[in-house]
Amino acid sequence: MTDQKPISQEKIPSRGENYSEWYNQLILKSELADYAPVRGCMVVRPYGWALWENIQQALDRRFKATGHVNAAFPLFIPLSFLEKEKEHVKGFSPELAVVTIGGGEKLEEPLVVRPTSETIIGYMYSKWVKSYRDLPILINQWCNVVRWEMRTRMFLRTLEFYWQEGHTAHSTSAEAMEETRRILDIYTRFATDEAAVPVIPGRKSETEKFAGAVSSFTIEGMMGDTKALQSGTSHFLGQNFAKAFNIQFLNESNQLQNAWTTSWGLSTRFIGAIIMTHGDDQGLVMPPRLAPIQIVIVPIARSDEEKARVMPVVEQLRQALAEFRLKVDDRTEVTPGFKFNDWEMRGVPLRIEVGPKDVEKNVITVARRDMPGKAGKSTLGMDQLAPQIAGLLNEIQANMLAKATTFRDAHIHDPRSYDEFKQVVENGWALSWWCGSLECEAKIKEDTRATTRCLPLEQPAGAGHCIVCNQPAHEKAYFAKAY
RNA sequence: CGGAGCGUAGCUCAGCUUGGUUAGAGCACUUGGUUUGGGACCAAGACGUCGCAGGUUCAAAUCCUGUCGCUCCGACCA
(Lines give C-alpha, C1' and ligand atoms only; values in the text may rest on other atoms or scores of the structure.)
Protein backbone atom coordinates (compact mmCIF):
# COMPACT_ATOMS: atom_id res chain seq x y z
CA MET A 1 0.00 0.00 0.00
CA THR A 2 1.07 3.54 -0.61
CA ASP A 3 -0.48 5.11 2.42
CA GLN A 4 2.69 6.93 3.44
CA LYS A 5 2.01 10.07 5.40
CA PRO A 6 3.03 13.29 3.72
CA ILE A 7 6.29 14.51 5.14
CA SER A 8 5.90 17.79 6.90
CA GLN A 9 8.20 20.51 5.73
CA GLU A 10 9.73 20.80 9.17
CA LYS A 11 10.90 17.20 9.37
CA ILE A 12 14.57 16.54 8.83
CA PRO A 13 16.28 13.19 8.24
CA SER A 14 17.81 11.56 11.30
CA ARG A 15 21.58 11.73 11.76
CA GLY A 16 21.80 7.97 11.72
CA GLU A 17 20.21 7.40 8.34
CA ASN A 18 22.08 10.13 6.48
CA TYR A 19 24.38 12.50 8.30
CA SER A 20 25.10 14.72 5.30
CA GLU A 21 21.44 15.16 4.47
CA TRP A 22 20.69 15.87 8.10
CA TYR A 23 23.33 18.59 8.05
CA ASN A 24 22.25 20.19 4.77
CA GLN A 25 18.54 20.19 5.44
CA LEU A 26 18.95 21.38 8.98
CA ILE A 27 20.82 24.45 7.77
CA LEU A 28 18.16 25.24 5.19
CA LYS A 29 15.17 24.61 7.44
CA SER A 30 16.51 26.35 10.49
CA GLU A 31 17.24 29.29 8.18
CA LEU A 32 20.89 29.59 9.10
CA ALA A 33 21.83 29.84 5.43
CA ASP A 34 20.66 29.21 1.89
CA TYR A 35 22.31 28.37 -1.40
CA ALA A 36 23.34 31.36 -3.49
CA PRO A 37 22.90 31.45 -7.28
CA VAL A 38 26.66 30.98 -7.68
CA ARG A 39 28.22 27.54 -7.42
CA GLY A 40 29.71 26.87 -4.04
CA CYS A 41 28.52 30.10 -2.50
CA MET A 42 26.07 30.58 0.31
CA VAL A 43 23.87 33.27 1.78
CA VAL A 44 24.18 33.53 5.52
CA ARG A 45 20.66 34.32 6.62
CA PRO A 46 19.83 36.55 9.60
CA TYR A 47 19.63 33.66 12.07
CA GLY A 48 23.01 32.35 10.96
CA TRP A 49 24.56 35.78 10.90
CA ALA A 50 23.28 36.52 14.40
CA LEU A 51 25.15 33.43 15.54
CA TRP A 52 28.27 34.61 13.72
CA GLU A 53 27.96 38.04 15.33
CA ASN A 54 27.92 36.42 18.75
CA ILE A 55 30.98 34.39 17.81
CA GLN A 56 32.66 37.58 16.60
CA GLN A 57 31.91 39.39 19.84
CA ALA A 58 33.22 36.58 22.00
CA LEU A 59 36.47 36.39 20.04
CA ASP A 60 36.91 40.11 19.48
CA ARG A 61 36.61 40.73 23.20
CA ARG A 62 39.45 38.28 23.80
CA PHE A 63 41.62 39.73 21.03
CA LYS A 64 41.20 43.25 22.36
CA ALA A 65 41.95 42.08 25.88
CA THR A 66 45.31 40.78 24.66
CA GLY A 67 46.31 44.00 22.95
CA HIS A 68 45.12 43.43 19.38
CA VAL A 69 43.46 46.07 17.23
CA ASN A 70 41.22 45.73 14.19
CA ALA A 71 41.86 47.17 10.73
CA ALA A 72 40.80 46.50 7.15
CA PHE A 73 43.01 45.55 4.21
CA PRO A 74 42.00 45.37 0.53
CA LEU A 75 40.08 42.53 -1.06
CA PHE A 76 42.38 42.60 -4.10
CA ILE A 77 46.00 41.56 -3.98
CA PRO A 78 48.50 41.93 -6.84
CA LEU A 79 49.23 38.45 -8.18
CA SER A 80 52.97 39.07 -7.86
CA PHE A 81 52.60 39.38 -4.07
CA LEU A 82 51.43 35.80 -3.80
CA GLU A 83 54.45 34.67 -5.77
CA LYS A 84 56.95 36.16 -3.37
CA GLU A 85 56.72 33.33 -0.87
CA LYS A 86 57.42 30.04 -2.60
CA GLU A 87 55.50 27.63 -0.40
CA HIS A 88 52.64 30.06 0.00
CA VAL A 89 51.97 30.40 -3.73
CA LYS A 90 52.37 26.66 -4.21
CA GLY A 91 49.70 26.04 -1.59
CA PHE A 92 47.25 28.63 -2.81
CA SER A 93 47.63 28.99 -6.56
CA PRO A 94 45.24 26.14 -7.43
CA GLU A 95 42.44 27.85 -5.56
CA LEU A 96 42.79 31.48 -6.54
CA ALA A 97 40.12 33.64 -8.12
CA VAL A 98 41.91 36.11 -10.38
CA VAL A 99 40.58 39.37 -11.76
CA THR A 100 42.02 40.21 -15.17
CA ILE A 101 39.61 42.88 -16.37
CA GLY A 102 38.68 46.11 -14.61
CA GLY A 103 36.48 48.86 -16.01
CA GLY A 104 36.38 47.07 -19.32
CA GLU A 105 40.16 47.16 -19.72
CA LYS A 106 42.57 44.28 -19.41
CA LEU A 107 44.61 44.86 -16.25
CA GLU A 108 48.34 45.48 -16.38
CA GLU A 109 48.77 42.99 -13.56
CA PRO A 110 46.09 40.49 -12.56
CA LEU A 111 44.59 40.91 -9.09
CA VAL A 112 43.74 37.94 -6.95
CA VAL A 113 40.75 38.02 -4.66
CA ARG A 114 42.39 37.44 -1.28
CA PRO A 115 42.48 33.79 -0.20
CA THR A 116 44.18 35.11 2.98
CA SER A 117 46.10 38.31 3.55
CA GLU A 118 49.61 37.44 4.70
CA THR A 119 51.14 38.93 1.57
CA ILE A 120 49.42 42.28 1.37
CA ILE A 121 49.68 42.76 5.11
CA GLY A 122 53.34 41.76 4.96
CA TYR A 123 53.86 44.41 2.31
CA MET A 124 52.24 47.05 4.51
CA TYR A 125 54.17 45.93 7.59
CA SER A 126 57.42 46.42 5.70
CA LYS A 127 56.42 50.05 5.27
CA TRP A 128 55.40 50.48 8.86
CA VAL A 129 58.18 48.64 10.64
CA LYS A 130 61.56 50.37 10.80
CA SER A 131 62.64 50.03 14.39
CA TYR A 132 62.29 47.53 17.20
CA ARG A 133 60.19 50.28 18.76
CA ASP A 134 57.53 49.67 16.07
CA LEU A 135 57.12 46.09 17.26
CA PRO A 136 55.13 44.16 18.09
CA ILE A 137 52.41 44.99 15.65
CA LEU A 138 49.18 43.18 16.49
CA ILE A 139 46.43 43.61 13.90
CA ASN A 140 43.32 41.60 13.21
CA GLN A 141 40.75 41.95 10.48
CA TRP A 142 37.21 40.60 10.11
CA CYS A 143 36.58 39.98 6.45
CA ASN A 144 35.63 37.59 3.68
CA VAL A 145 38.08 35.55 1.63
CA VAL A 146 37.77 33.44 -1.51
CA ARG A 147 39.25 30.04 -2.23
CA TRP A 148 38.18 28.22 -5.37
CA GLU A 149 37.33 24.88 -3.85
CA MET A 150 36.33 21.85 -5.89
CA ARG A 151 33.91 20.37 -3.46
CA THR A 152 31.85 22.68 -1.31
CA ARG A 153 29.59 22.30 1.71
CA MET A 154 27.71 24.99 3.54
CA PHE A 155 29.82 26.57 6.28
CA LEU A 156 32.45 23.84 6.08
CA ARG A 157 33.88 24.74 2.69
CA THR A 158 32.44 27.42 0.45
CA LEU A 159 34.16 29.48 -2.24
CA GLU A 160 33.71 32.57 -0.14
CA PHE A 161 33.75 32.54 3.62
CA TYR A 162 33.88 34.97 6.50
CA TRP A 163 36.53 34.90 9.16
CA GLN A 164 38.95 36.88 11.19
CA GLU A 165 42.61 36.83 10.32
CA GLY A 166 45.13 38.11 12.78
CA HIS A 167 48.60 39.11 11.60
CA THR A 168 51.33 40.00 14.00
CA ALA A 169 55.00 40.90 13.72
CA HIS A 170 57.53 40.59 16.53
CA SER A 171 61.17 41.28 17.17
CA THR A 172 62.05 37.82 18.43
CA SER A 173 61.21 34.27 17.55
CA ALA A 174 60.24 33.48 21.12
CA GLU A 175 57.80 36.35 21.24
CA ALA A 176 56.17 35.33 17.94
CA MET A 177 55.86 31.75 19.15
CA GLU A 178 54.37 32.97 22.39
CA GLU A 179 51.80 34.93 20.38
CA THR A 180 50.99 31.89 18.23
CA ARG A 181 50.33 29.87 21.36
CA ARG A 182 48.42 32.66 23.09
CA ILE A 183 45.95 32.76 20.21
CA LEU A 184 45.63 28.98 20.15
CA ASP A 185 44.74 29.23 23.80
CA ILE A 186 42.15 31.92 23.06
CA TYR A 187 40.60 29.69 20.41
CA THR A 188 40.57 26.74 22.78
CA ARG A 189 38.90 28.71 25.55
CA PHE A 190 36.44 30.31 23.17
CA ALA A 191 35.44 26.90 21.80
CA THR A 192 35.04 25.27 25.19
CA ASP A 193 33.69 28.17 27.25
CA GLU A 194 31.47 29.92 24.72
CA ALA A 195 30.51 27.27 22.18
CA ALA A 196 30.65 24.24 24.50
CA VAL A 197 32.68 22.57 21.74
CA PRO A 198 35.48 20.51 23.29
CA VAL A 199 38.58 20.79 21.16
CA ILE A 200 42.06 19.38 21.22
CA PRO A 201 44.81 21.93 20.72
CA GLY A 202 47.85 20.65 18.94
CA ARG A 203 50.52 21.11 16.32
CA LYS A 204 49.94 20.24 12.67
CA SER A 205 52.20 17.74 10.97
CA GLU A 206 54.52 18.97 8.22
CA THR A 207 52.13 17.81 5.52
CA GLU A 208 49.09 19.42 7.12
CA LYS A 209 50.58 22.78 8.02
CA PHE A 210 49.74 26.13 6.42
CA ALA A 211 51.48 26.96 3.13
CA GLY A 212 54.37 29.20 4.12
CA ALA A 213 54.33 28.53 7.86
CA VAL A 214 57.19 27.18 9.95
CA SER A 215 54.65 25.49 12.17
CA SER A 216 50.89 25.47 12.42
CA PHE A 217 48.70 24.91 15.44
CA THR A 218 45.08 23.85 15.38
CA ILE A 219 42.08 23.14 17.50
CA GLU A 220 40.40 19.93 16.41
CA GLY A 221 36.81 19.10 17.28
CA MET A 222 34.95 15.83 16.92
CA MET A 223 31.67 16.06 15.07
CA GLY A 224 28.58 13.94 15.71
CA ASP A 225 29.64 11.42 13.07
CA THR A 226 33.09 11.19 14.73
CA LYS A 227 34.85 12.95 11.88
CA ALA A 228 37.33 15.65 12.86
CA LEU A 229 36.94 19.32 12.04
CA GLN A 230 39.84 21.74 12.08
CA SER A 231 38.07 24.59 13.81
CA GLY A 232 40.70 27.28 14.12
CA THR A 233 44.38 27.66 13.28
CA SER A 234 47.32 29.69 14.53
CA HIS A 235 50.55 29.80 12.54
CA PHE A 236 54.11 30.60 13.46
CA LEU A 237 55.50 31.99 10.22
CA GLY A 238 59.08 32.41 11.40
CA GLN A 239 60.86 34.91 9.14
CA ASN A 240 59.45 33.47 5.91
CA PHE A 241 57.10 36.31 5.14
CA ALA A 242 59.39 38.92 6.67
CA LYS A 243 62.08 37.85 4.20
CA ALA A 244 59.66 37.76 1.28
CA PHE A 245 58.33 41.24 2.07
CA ASN A 246 61.30 42.87 3.74
CA ILE A 247 59.76 43.38 7.12
CA GLN A 248 63.01 44.57 8.63
CA PHE A 249 63.91 46.62 11.66
CA LEU A 250 66.92 47.93 13.50
CA ASN A 251 67.34 46.40 16.92
CA GLU A 252 68.76 47.97 20.06
CA SER A 253 72.29 47.34 18.78
CA ASN A 254 71.57 49.04 15.46
CA GLN A 255 71.56 45.73 13.57
CA LEU A 256 69.12 45.12 10.72
CA GLN A 257 66.86 42.17 11.53
CA ASN A 258 64.00 40.34 9.88
CA ALA A 259 60.81 40.40 11.92
CA TRP A 260 59.06 37.24 13.11
CA THR A 261 55.43 36.98 12.12
CA THR A 262 52.32 34.99 12.98
CA SER A 263 48.88 34.62 11.48
CA TRP A 264 45.74 33.02 12.86
CA GLY A 265 42.17 32.59 11.78
CA LEU A 266 38.79 31.26 12.76
CA SER A 267 36.01 31.19 10.19
CA THR A 268 32.29 30.68 9.70
CA ARG A 269 33.29 27.04 9.48
CA PHE A 270 32.99 27.15 13.24
CA ILE A 271 29.22 27.39 12.76
CA GLY A 272 29.49 23.96 11.18
CA ALA A 273 31.31 22.80 14.30
CA ILE A 274 28.49 24.05 16.51
CA ILE A 275 25.86 22.40 14.33
CA MET A 276 27.62 19.04 14.20
CA THR A 277 28.85 18.96 17.79
CA HIS A 278 25.51 19.65 19.43
CA GLY A 279 22.76 18.97 16.88
CA ASP A 280 20.43 16.03 17.40
CA ASP A 281 17.60 14.39 15.47
CA GLN A 282 15.23 17.21 16.45
CA GLY A 283 17.56 19.80 14.96
CA LEU A 284 20.02 22.39 16.17
CA VAL A 285 21.08 22.83 19.76
CA MET A 286 22.57 26.25 20.35
CA PRO A 287 24.98 26.85 23.22
CA PRO A 288 23.27 29.47 25.42
CA ARG A 289 26.23 31.87 25.38
CA LEU A 290 26.17 32.14 21.58
CA ALA A 291 22.52 31.43 20.81
CA PRO A 292 20.89 34.19 18.74
CA ILE A 293 17.74 33.52 20.76
CA GLN A 294 18.34 32.22 24.26
CA ILE A 295 14.73 32.01 25.34
CA VAL A 296 11.52 31.71 23.40
CA ILE A 297 8.21 32.35 25.09
CA VAL A 298 5.23 30.47 23.72
CA PRO A 299 1.96 31.87 25.04
CA ILE A 300 -0.89 29.40 25.14
CA ALA A 301 -4.39 30.82 25.00
CA ARG A 302 -7.49 29.54 23.26
CA SER A 303 -10.03 32.24 23.76
CA ASP A 304 -9.88 36.02 24.02
CA GLU A 305 -10.64 35.61 27.66
CA GLU A 306 -7.57 33.38 28.12
CA LYS A 307 -5.46 35.75 26.08
CA ALA A 308 -6.46 38.55 28.39
CA ARG A 309 -5.10 36.56 31.31
CA VAL A 310 -1.98 35.14 29.62
CA MET A 311 -0.62 38.05 27.61
CA PRO A 312 -0.04 40.42 30.56
CA VAL A 313 2.08 37.70 32.15
CA VAL A 314 4.03 37.33 28.92
CA GLU A 315 4.65 41.06 28.93
CA GLN A 316 5.73 40.88 32.53
CA LEU A 317 8.18 38.11 31.63
CA ARG A 318 9.56 40.09 28.74
CA GLN A 319 10.48 42.85 31.14
CA ALA A 320 11.75 40.61 33.91
CA LEU A 321 13.99 38.77 31.44
CA ALA A 322 15.16 41.78 29.44
CA GLU A 323 18.81 40.88 30.06
CA PHE A 324 18.45 37.76 27.88
CA ARG A 325 18.11 37.41 24.12
CA LEU A 326 14.42 36.65 24.16
CA LYS A 327 11.68 36.14 21.64
CA VAL A 328 7.94 35.96 22.15
CA ASP A 329 6.31 33.73 19.57
CA ASP A 330 2.88 35.30 19.34
CA ARG A 331 1.97 33.84 15.97
CA THR A 332 -1.71 32.96 15.93
CA GLU A 333 -1.68 30.90 12.75
CA VAL A 334 0.21 27.95 14.20
CA THR A 335 -0.49 25.82 17.25
CA PRO A 336 1.73 25.70 20.32
CA GLY A 337 2.74 22.15 19.39
CA PHE A 338 4.04 23.39 16.07
CA LYS A 339 5.98 26.16 17.76
CA PHE A 340 7.61 23.72 20.18
CA ASN A 341 8.96 21.67 17.32
CA ASP A 342 9.87 24.71 15.30
CA TRP A 343 12.01 26.30 18.02
CA GLU A 344 13.52 22.99 18.95
CA MET A 345 14.67 22.59 15.36
CA ARG A 346 16.20 26.05 15.54
CA GLY A 347 18.01 25.06 18.71
CA VAL A 348 16.73 27.68 21.16
CA PRO A 349 18.19 26.54 24.50
CA LEU A 350 15.21 27.38 26.68
CA ARG A 351 11.49 27.56 26.00
CA ILE A 352 8.98 29.11 28.35
CA GLU A 353 5.35 28.10 28.08
CA VAL A 354 2.73 30.34 29.62
CA GLY A 355 -0.86 29.13 29.60
CA PRO A 356 -3.98 29.58 31.73
CA LYS A 357 -2.92 26.77 34.05
CA ASP A 358 0.45 28.42 34.70
CA VAL A 359 -1.12 31.82 35.27
CA GLU A 360 -3.52 30.33 37.75
CA LYS A 361 -0.70 28.76 39.78
CA ASN A 362 1.57 31.76 39.29
CA VAL A 363 4.27 29.67 37.63
CA ILE A 364 5.80 29.20 34.22
CA THR A 365 6.69 25.99 32.44
CA VAL A 366 10.21 25.75 31.05
CA ALA A 367 11.63 23.19 28.64
CA ARG A 368 15.36 22.62 28.11
CA ARG A 369 16.56 21.98 24.59
CA ASP A 370 19.46 19.84 25.79
CA MET A 371 17.03 17.42 27.44
CA PRO A 372 14.33 16.50 24.92
CA GLY A 373 10.84 15.52 25.98
CA LYS A 374 9.36 15.45 29.48
CA ALA A 375 12.74 15.11 31.17
CA GLY A 376 13.61 18.69 30.27
CA LYS A 377 10.32 20.22 31.40
CA SER A 378 9.77 21.79 34.77
CA THR A 379 7.91 24.65 36.38
CA LEU A 380 9.41 27.73 37.95
CA GLY A 381 7.93 30.19 40.41
CA MET A 382 7.79 33.81 39.38
CA ASP A 383 10.05 35.22 42.11
CA GLN A 384 13.69 35.77 41.33
CA LEU A 385 12.97 34.62 37.83
CA ALA A 386 15.99 36.15 36.10
CA PRO A 387 18.53 34.47 38.38
CA GLN A 388 16.68 31.18 38.07
CA ILE A 389 16.75 31.42 34.28
CA ALA A 390 20.40 32.46 34.26
CA GLY A 391 21.15 29.42 36.38
CA LEU A 392 19.29 27.16 33.99
CA LEU A 393 21.10 28.54 30.96
CA ASN A 394 24.43 27.98 32.72
CA GLU A 395 23.39 24.44 33.50
CA ILE A 396 22.48 23.84 29.86
CA GLN A 397 25.79 25.30 28.73
CA ALA A 398 27.72 23.06 31.12
CA ASN A 399 25.66 20.01 30.25
CA MET A 400 26.26 20.51 26.54
CA LEU A 401 30.01 20.66 27.04
CA ALA A 402 29.93 17.61 29.28
CA LYS A 403 27.83 15.65 26.79
CA ALA A 404 30.05 16.55 23.84
CA THR A 405 33.18 15.72 25.83
CA THR A 406 31.82 12.35 26.88
CA PHE A 407 30.90 11.55 23.31
CA ARG A 408 34.31 12.57 22.04
CA ASP A 409 36.25 10.66 24.68
CA ALA A 410 34.16 7.57 24.02
CA HIS A 411 35.33 7.68 20.40
CA ILE A 412 39.03 8.26 21.00
CA HIS A 413 40.94 5.00 20.98
CA ASP A 414 44.42 3.80 21.77
CA PRO A 415 44.81 0.89 19.35
CA ARG A 416 47.32 -1.87 20.22
CA SER A 417 48.18 -2.75 16.66
CA TYR A 418 48.04 -1.25 13.20
CA ASP A 419 45.19 -3.63 12.36
CA GLU A 420 43.25 -2.35 15.32
CA PHE A 421 44.20 1.19 14.30
CA LYS A 422 42.63 0.70 10.89
CA GLN A 423 39.44 -0.41 12.56
CA VAL A 424 39.09 2.36 15.11
CA VAL A 425 39.52 5.21 12.62
CA GLU A 426 36.49 3.88 10.79
CA ASN A 427 34.31 5.28 13.54
CA GLY A 428 36.45 7.40 15.81
CA TRP A 429 39.91 8.81 16.39
CA ALA A 430 43.14 7.06 17.16
CA LEU A 431 45.68 8.57 19.54
CA SER A 432 48.83 6.74 18.66
CA TRP A 433 52.58 6.92 18.80
CA TRP A 434 53.97 8.14 15.50
CA CYS A 435 57.60 8.19 14.43
CA GLY A 436 57.00 11.41 12.51
CA SER A 437 57.94 10.07 9.10
CA LEU A 438 56.16 11.12 5.95
CA GLU A 439 56.03 7.48 4.85
CA CYS A 440 54.02 6.27 7.82
CA GLU A 441 51.72 9.26 7.61
CA ALA A 442 51.12 8.64 3.89
CA LYS A 443 50.54 4.94 4.49
CA ILE A 444 47.88 5.68 7.08
CA LYS A 445 46.15 8.04 4.71
CA GLU A 446 46.23 5.56 1.90
CA ASP A 447 45.11 2.59 3.97
CA THR A 448 42.38 4.32 5.94
CA ARG A 449 41.73 7.81 4.51
CA ALA A 450 42.39 9.07 8.01
CA THR A 451 44.84 11.95 8.28
CA THR A 452 47.07 13.30 11.00
CA ARG A 453 44.85 15.76 12.82
CA CYS A 454 47.42 17.05 15.25
CA LEU A 455 50.20 16.30 17.68
CA PRO A 456 48.43 17.32 20.87
CA LEU A 457 50.15 19.83 23.11
CA GLU A 458 49.40 17.53 26.01
CA GLN A 459 51.71 14.58 25.48
CA PRO A 460 52.00 11.45 27.60
CA ALA A 461 55.20 10.90 29.51
CA GLY A 462 57.82 8.63 28.05
CA ALA A 463 58.10 7.25 24.56
CA GLY A 464 56.71 4.40 22.50
CA HIS A 465 56.78 2.75 19.13
CA CYS A 466 55.22 4.02 15.90
CA ILE A 467 51.83 2.43 15.28
CA VAL A 468 52.81 1.80 11.65
CA CYS A 469 56.52 0.97 11.49
CA ASN A 470 57.19 0.14 15.14
CA GLN A 471 60.26 2.38 15.19
CA PRO A 472 60.85 4.44 18.33
CA ALA A 473 58.47 7.40 18.58
CA HIS A 474 58.54 10.26 21.03
CA GLU A 475 55.19 11.89 20.24
CA LYS A 476 51.59 10.76 20.02
CA ALA A 477 49.30 12.07 17.28
CA TYR A 478 45.58 12.04 16.66
CA PHE A 479 44.51 10.36 13.43
CA ALA A 480 40.98 10.62 12.04
CA LYS A 481 38.89 11.12 8.98
CA ALA A 482 38.28 14.82 8.64
CA TYR A 483 36.04 17.36 6.98
C1' C B 1 38.74 17.68 -11.95
C1' G B 2 37.30 12.10 -12.43
C1' G B 3 32.86 8.62 -11.20
C1' A B 4 27.50 8.42 -10.03
C1' G B 5 22.72 10.62 -9.33
C1' C B 6 19.20 14.57 -9.61
C1' G B 7 16.92 19.43 -11.78
C1' U B 8 8.65 19.66 -13.19
C1' A B 9 4.58 25.06 -8.05
C1' G B 10 7.94 27.64 -2.01
C1' C B 11 9.03 22.01 -0.41
C1' U B 12 8.69 16.51 -1.49
C1' C B 13 7.62 14.21 -5.75
C1' A B 14 4.28 11.80 -9.98
C1' G B 15 4.03 12.24 -15.32
C1' C B 16 9.03 10.84 -19.46
C1' U B 17 9.95 4.14 -21.02
C1' U B 18 5.81 4.30 -25.78
C1' G B 19 5.99 12.67 -27.93
C1' G B 20 -0.52 14.33 -28.78
C1' U B 21 -6.26 18.69 -25.46
C1' U B 22 -5.82 23.33 -20.68
C1' A B 23 0.96 19.50 -16.78
C1' G B 24 -0.84 16.80 -11.60
C1' A B 25 -0.78 15.32 -6.10
C1' G B 26 0.50 16.07 -0.91
C1' C B 27 2.57 19.70 2.19
C1' A B 28 3.44 25.02 2.47
C1' C B 29 0.90 29.88 0.96
C1' U B 30 -3.95 33.37 0.78
C1' U B 31 -9.15 34.20 2.54
C1' G B 32 -13.26 32.77 5.79
C1' G B 33 -14.74 29.77 9.83
C1' U B 34 -13.82 26.30 13.78
C1' U B 35 -9.25 25.44 16.67
C1' U B 36 -4.68 26.01 20.10
C1' G B 37 -0.63 22.53 26.93
C1' G B 38 3.79 18.29 21.57
C1' G B 39 3.78 19.16 14.32
C1' A B 40 -5.10 21.11 14.15
C1' C B 41 -9.53 20.80 10.84
C1' C B 42 -13.23 22.24 7.01
C1' A B 43 -14.21 25.11 2.69
C1' A B 44 -12.76 28.24 -1.17
C1' G B 45 -8.50 30.25 -3.72
C1' A B 46 -3.74 31.65 -5.69
C1' C B 47 0.88 29.64 -7.41
C1' G B 48 4.50 26.56 -13.47
C1' U B 49 8.91 30.27 -19.35
C1' C B 50 8.80 21.61 -16.81
C1' G B 51 17.07 24.44 -14.87
C1' C B 52 18.94 27.03 -19.43
C1' A B 53 20.24 26.93 -24.85
C1' G B 54 20.02 24.55 -29.28
C1' G B 55 18.18 20.41 -32.32
C1' U B 56 14.62 16.44 -34.23
C1' U B 57 9.17 16.72 -35.18
C1' C B 58 2.95 18.78 -37.74
C1' A B 59 3.57 18.53 -32.28
C1' A B 60 8.64 18.09 -26.86
C1' A B 61 8.25 18.11 -19.59
C1' U B 62 8.77 13.51 -22.60
C1' C B 63 13.59 12.02 -27.84
C1' C B 64 18.93 14.04 -29.09
C1' U B 65 23.18 17.47 -28.14
C1' G B 66 25.34 21.05 -25.28
C1' U B 67 25.44 23.90 -20.93
C1' C B 68 24.58 25.49 -15.83
C1' G B 69 23.46 24.12 -10.87
C1' C B 70 22.88 20.83 -6.62
C1' U B 71 23.89 16.17 -3.92
C1' C B 72 26.89 11.80 -3.05
C1' C B 73 31.76 9.10 -3.79
C1' G B 74 37.20 9.97 -4.97
C1' A B 75 41.76 13.54 -5.61
C1' C B 76 42.59 18.83 -3.17
C1' C B 77 41.58 22.04 0.92
C1' A B 78 39.90 26.65 6.57
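Order of the sequence lines fixes the chain letters, A, B, ..., with proteins taken first and strands second; residue numbering starts at 1 for each chain.
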Using a heavy-atom cut-off of 4.0 Å across all strands, would you classify [X] as base, sugar-phosphate, or nothing?
| X | answer |
| --- | --- |
| Arg302(A) | base |
| Lys339(A) | nothing |
| Thr233(A) | nothing |
| Gln230(A) | sugar-phosphate |
| Pro94(A) | nothing |
| Leu229(A) | nothing |
| Phe210(A) | nothing |

TODO: Using side-chain contact (heavy atoms from CB on, under 4.5 Å) as the criterion, point out the one residue from Phe210(A), Phe245(A), Tyr125(A) that pairs with Glu118(A).
DONE: Phe210(A)

Task: Arg269(A) NZ/CZ over Trp52(A) ring centroid, <6.0 Å and within 45° of normal - done: no

Task: Exam field: side chain Gln282(A) to backbone Pro372(A), donor-acceptor pair closer than 3.5 Å - done: no

Open item on the list: Which label fits His88(A) and Phe241(A): parallel for a plane angle under 30°, tilted from 30 to 60°, or perpendicular past 60°?
Closed with: perpendicular

Open item on the list: Check the orientation of Tyr162(A) and Trp49(A). Use parallel for under 30°, tilted for 30 to 60°, and perpendicular for over 60°.
Closed with: perpendicular

Atom pair distance, as rounded to whole Å: [atom1] in [X] and [atom2] in [N]:
| X | N | atom1 | atom2 | answer |
| --- | --- | --- | --- | --- |
| Asp329(A) | G37(B) | CG | P | 13 Å |
| Gln164(A) | A78(B) | CD | P | 15 Å |
| Arg331(A) | U35(B) | CZ | P | 21 Å |
| Glu306(A) | U35(B) | CD | C1' | 12 Å |
| Lys227(A) | A78(B) | NZ | P | 16 Å |
| Phe338(A) | U36(B) | CZ | C1' | 13 Å |
| Glu149(A) | C70(B) | CD | C1' | 17 Å |
| Leu28(A) | A28(B) | CG | C1' | 16 Å |

Open item on the list: Once hydrogens and angles are ignored, does a donor-acceptor distance under 3.5 Å link the base of G38(B) to the side chain of Thr335(A)?
Closed with: no

Task: Under 3.5 Å donor-acceptor pair, Asp358(A) side-chain atoms to G37(B) base atoms - done: yes

Does [N] have OP1 or OP2 under 4.0 Å away from a side-chain N or O of [X]?
| X | N | result |
| --- | --- | --- |
| Arg153(A) | C72(B) | yes |
| Asn24(A) | C72(B) | yes |
| Tyr19(A) | C72(B) | no |

Open item on the list: Using heavy-atom distances to pick each residue's nearest nucleotide on RNA chain B, tell me which of Thr207(A) and Gly337(A) is more 5'.
Closed with: Gly337(A)

TODO: Please tell me which of Lys209(A) and Ile300(A) maps to the more 5' nucleotide of RNA chain B, matching each residue to the nucleotide holding its nearest heavy atom.
DONE: Ile300(A)

Task: Any Leu326(A) side-chain heavy atom under 4.5 Å of Val328(A) side chain - done: yes

- [ ] Please determine, for the side chain of Glu21(A), which listed nucleotide (U71(B), A75(B), G37(B)) has the closest atom?
- [x] U71(B)

Task: Glu344(A), nearest nucleotide to its side chain (from G37(B), G38(B), C1(B)) - done: G38(B)

